[in-house]
**Q** 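Would you mind keeping the following structure in view while I ask a few things?
In what follows, chains carry the letters A, B, and so on, assigned in the order in which the sequence lines appear, proteins first and then strands, with residues in each chain numbered from 1. What you see is a predicted model, and the numbers here were worked out from it, not measured in a lab.
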Protein chains: 2
Amino acid sequence: MVTAEPVPGERLPLSRERVLRTAVAIADEHGIEAVTMRRVGDELGAEAMSLYHHVANKNDLLDGVVDLVAGEINEVVDALDATGPWQPVVRARILAARQVLLRHRWAPRLLATRASLSPQVVRYHDRLVGQLHDGGFSFDLAHHALHALGSRALGFSQELFDPGDGGSAGALPPELPSLVAMLTEVAHDDPGSTLGWCDDQTEFEFGLDLLLDGLERRRTGS
Amino acid sequence: MVTAEPVPGERLPLSRERVLRTAVAIADEHGIEAVTMRRVGDELGAEAMSLYHHVANKNDLLDGVVDLVAGEINEVVDALDATGPWQPVVRARILAARQVLLRHRWAPRLLATRASLSPQVVRYHDRLVGQLHDGGFSFDLAHHALHALGSRALGFSQELFDPGDGGSAGALPPELPSLVAMLTEVAHDDPGSTLGWCDDQTEFEFGLDLLLDGLERRRTGS
DNA sequence: TCACTCTGGCTTACAACGTAAGGAGACGTC
DNA sequence: GACGTCTCCTTACGTTGTAAGCCAGAGTGA
């Protein structure tokens with residue numbers, strides 16, 4: 001009758017929370033494609049079908065995972081100091097969100113494929129709109145700003161070229177004269193970079209500032 | 001001995017070209033998730049395994065599909081008039097690419113998930129860099145521009161919110177004050193819009209021009 | 001002409017996936 | 001004690017990508 005005691009080897013009961021956190025852990029370690037119902041179950045010492053008592057189906061699980069990550073982002077950005085002019089405030093918010101996503105590199109792709117919106121993602125944008133409005137944006141301009149920023153608002157940009165294979169301009173065929181010229185010149189300017197010929201963080205900030213500067217100009221109407 | 005005659009009901013032989021075109025047709029009609037090896041085979045009157053004589057595996061098939069669509073884009077943009085100042089030239093190129101992608105709405109998502117780069121996509125960017133360089137960009141700035149534009153260079157932006165469900169601001173909970181305020185105001189400004197409260201083409205152009213204007217300012221150093 | 005290899009199709013089979021269906025044991029409430 | 005209800009398990013099915021191997025026709029060299 002002593003079943004209530006916390007035996008050390010005893011299994012914790014499942015919960016939606018534990019299921020989602022386990023899925024995130026698997027994705028962090030082995031990539032999002034390693035997140036299968038059976039694998040998540042295994043990791044929890046349970047069967048795949050047991051998960052269905054806590055998530056409706058795999059789609060729901062992935063929605064929950066996205067929401068969890070977005071919640072992590074919100075935790076971080078809510079702690080930032082948001083006083084002062086809007087531009088550094090918004091800039092810091094977005095770069096902080098980016099830092100979280102760099103810890104979950106699979107998350108951007110997952111976010112992009114989700115059909116329904118995560119409450120936490122919506123919440124993130126609500127606060128962002130609030131900051132823009134406080135900074136002098138009309139709601140109309142804030143609305144445009146959301147679309148203009150797109151995924152960049154959450155801290156990631158669509159990386160069409162997989163980083164890591166662009167380093168060698170020699171592999172490019174000669175019928176691409178402009179790319180060859182560009183790559184040789186850029187590589188020459190920065191010969192010893194271990195980050196390859198382009199540093200993602202720098203590029204992200206370049207594009208972000210381009211947008212933020214443009215928005216500020218639209219706001220002041222100059 | 002008359003086996004060479006083109007019997008009407010006779011099946012064309014398979015080819016990589018036919019396989020890829022069929023996959024595109026299926027994706028156009030039923031979505032990218034309907035593109036399975038068996039389905040493509042069926043559509044061609046062949047078995048799934050027969051496709052493997054023309055594509056290495058499904059990944060290769062999808063790579064080929066992306067390349068085919070990018071080739072379609074290149075066909076269109078190569079036919080554009082590229083004389084005059086860089087900004088309208090590049091703008092027209094990107095908007096034309098967008099028109100092609102609107103005929104293959106599944107393509108952006110597929111593009112974003114491909115690991116290897118399509119030669120046609122690379123070619124597209126080569127010509128784009130050429131246009132920027134001709135327009136007075138240093139290769140360094142052109143390189144930054146590619147990253148800043150990201151997927152927008154190819155004519156699509158990451159649509160985080162699925163269009164079609166954002167129309168009703170009434171569904172939003174009250175703990176999202178800024179979004180509620182924004183949506184009610186924007187919806188009020190444009191009450192009769194059948195496109196929902198945001199028109200994608202307009203928003204895309206807004207963001208694109210923000211970037212192009214910013215790039216021009218960086219180029220002239222003002 | 002014969003035997004050979006290639007090419008491109010088909011058949012069969014398998015492992016991994018998501019998940020439907022239902023059963024077993026622990027728990028609370030009447 | 002009977003009865004839900006909750007949680008977890010077992011079994012099984014359909015769908016997916018694809019490995020392995022068979023077979024017919026077309027060249028091709030002896």
**Q** With DNA chain C as reference, determine whether H53(B) or V35(A) sits nearer its 5' end, using the nearest nucleotide of each.
**A**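 Whichever sits nearer the 5' end wins; that is H53(B).
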**Q** Could you give the CZ-to-C1' distance, from R38(A) to dC9(D), as a whole number of Å?
**A**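 Rounded to the whole Å, the gap is 14 Å.
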**Q** So if I take every side-chain heavy atom of M37(A) and compare against dG17(D), dT19(C), dT12(C), which nucleotide ends up nearest?
**A**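 Between dG17(D), dT19(C), dT12(C), the one nearest the side chain of M37(A) would be dT19(C).
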**Q** Quickly work out the L51(A) CG to dC6(D) C1' distance and round it to whole Å.
**A**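 These atoms are roughly 16 Å apart.
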**Q** Quick check for you: among dG18(C), dC10(C), dA20(C), whose closest atom lies nearest to any side-chain atom of A46(B)?
**A**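 Taking heavy atoms from C-beta onward, the closest nucleotide is dC10(C).
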**Q** For R16(B) and dG8(C), give me the distance from atom CZ to atom P, rounded to whole Å.
**A**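 Answer to the nearest Å: 14 Å.
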**Q** Please give, in whole Å, the distance from dA16(C) P to D42(A) CG?
**A**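 In whole Å, dA16(C) P and D42(A) CG are 12 Å from each other.
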**Q** Between M49(A) (CE) and dA20(C) (P), how many Å, whole number?
**A**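 Atom-to-atom, M49(A) to dA20(C), this comes out as 7 Å.
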**Q** Can N59(B) and R114(B) be counted as having a side-chain donor-acceptor contact under 3.5 angstrom?
**A**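 Yes, R114(B) and N59(B) have a side-chain donor paired with an acceptor closer than 3.5 Å.
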**Q** Can a donor-acceptor pair be found between the side chains of D67(A) and Q120(A) at a distance below 3.5 Å?
**A**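 Per modelled atom types, D67(A) and Q120(A) side chains form no pair under 3.5 Å.
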**Q** Using whole Å, report how far OH of Y52(A) lies from P of dT11(D).
**A**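 Distance, rounded to whole Å: 18 Å.
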**Q** Let me see the working for R93(B) and D78(B) under side chain to side chain contact (heavy atoms under 4.5 Å, CB included), right down to the final yes or no.
**A** CA-CA 9 Å; R93(B) 154 181 281 262; D78(B) 285 349; 4.3 Å; yes
**Q** Assign S50(A) to base, sugar-phosphate, or nothing according to its heavy-atom contacts below 4.0 angstrom with the strands shown.
**A**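 Since a base atom lies under 4.0 Å of S50(A), the category is base.
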**Q** Is the shortest heavy-atom distance from the side chain of D126(A) to the side chain of P177(B) under 4.5 Å?
**A**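 Heavy-atom side-chain distance check passes, below 4.5 Å.
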**Q** For L44(A) and dC9(D), give me the distance from atom CG to atom P, rounded to whole Å.
**A**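 These atoms are roughly 10 Å apart.
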**Q** Ignoring backbone atoms, test whether H54(A) places a side-chain nitrogen or oxygen under 4.0 Å from the OP1 or OP2 oxygen of dC6(D).
**A**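 For H54(A), the contact criterion (side-chain N or O under 4.0 Å from OP1 or OP2 of dC6(D)) is not met.
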**Q** Where the side chain of K58(B) is defined as all heavy atoms beyond and including C-beta, which of dT18(D), dC8(D), dC9(D) is the nearest nucleotide?
**A**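 Between dT18(D), dC8(D), dC9(D), the one nearest the side chain of K58(B) would be dT18(D).
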**Q** Assuming nearest nucleotide by heavy-atom distance, tell me which of L14(A) and A48(B) is located more 5' along DNA chain D.
**A**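 The 5'-side residue here is L14(A).
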**Q** Checking contacts here: which listed nucleotide (dT18(D), dC8(D), dA12(D)) is nearest the side-chain heavy atoms of N57(B)?
**A**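 Out of dT18(D), dC8(D), dA12(D), the nucleotide with an atom closest to N57(B)'s side chain is dT18(D).
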**Q** Measure from CD on E47(B) to C1' on dA13(C) and round the result to the nearest Å.
**A**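 Distance, rounded to whole Å: 14 Å.
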**Q** Looking at H147(B) and H143(B), would you say the former's side chain and the latter's main chain have a donor-acceptor pair under 3.5 Å?
**A**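 Not confirmed, H147(B) side chain does not pair with H143(B) backbone.
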**Q** Which nucleotide, dC9(D), dT16(D), dC10(C), lies nearest any side-chain atom of T36(B)?
**A**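 Nearest to the side-chain atoms of T36(B), counting from C-beta on, is dT16(D).
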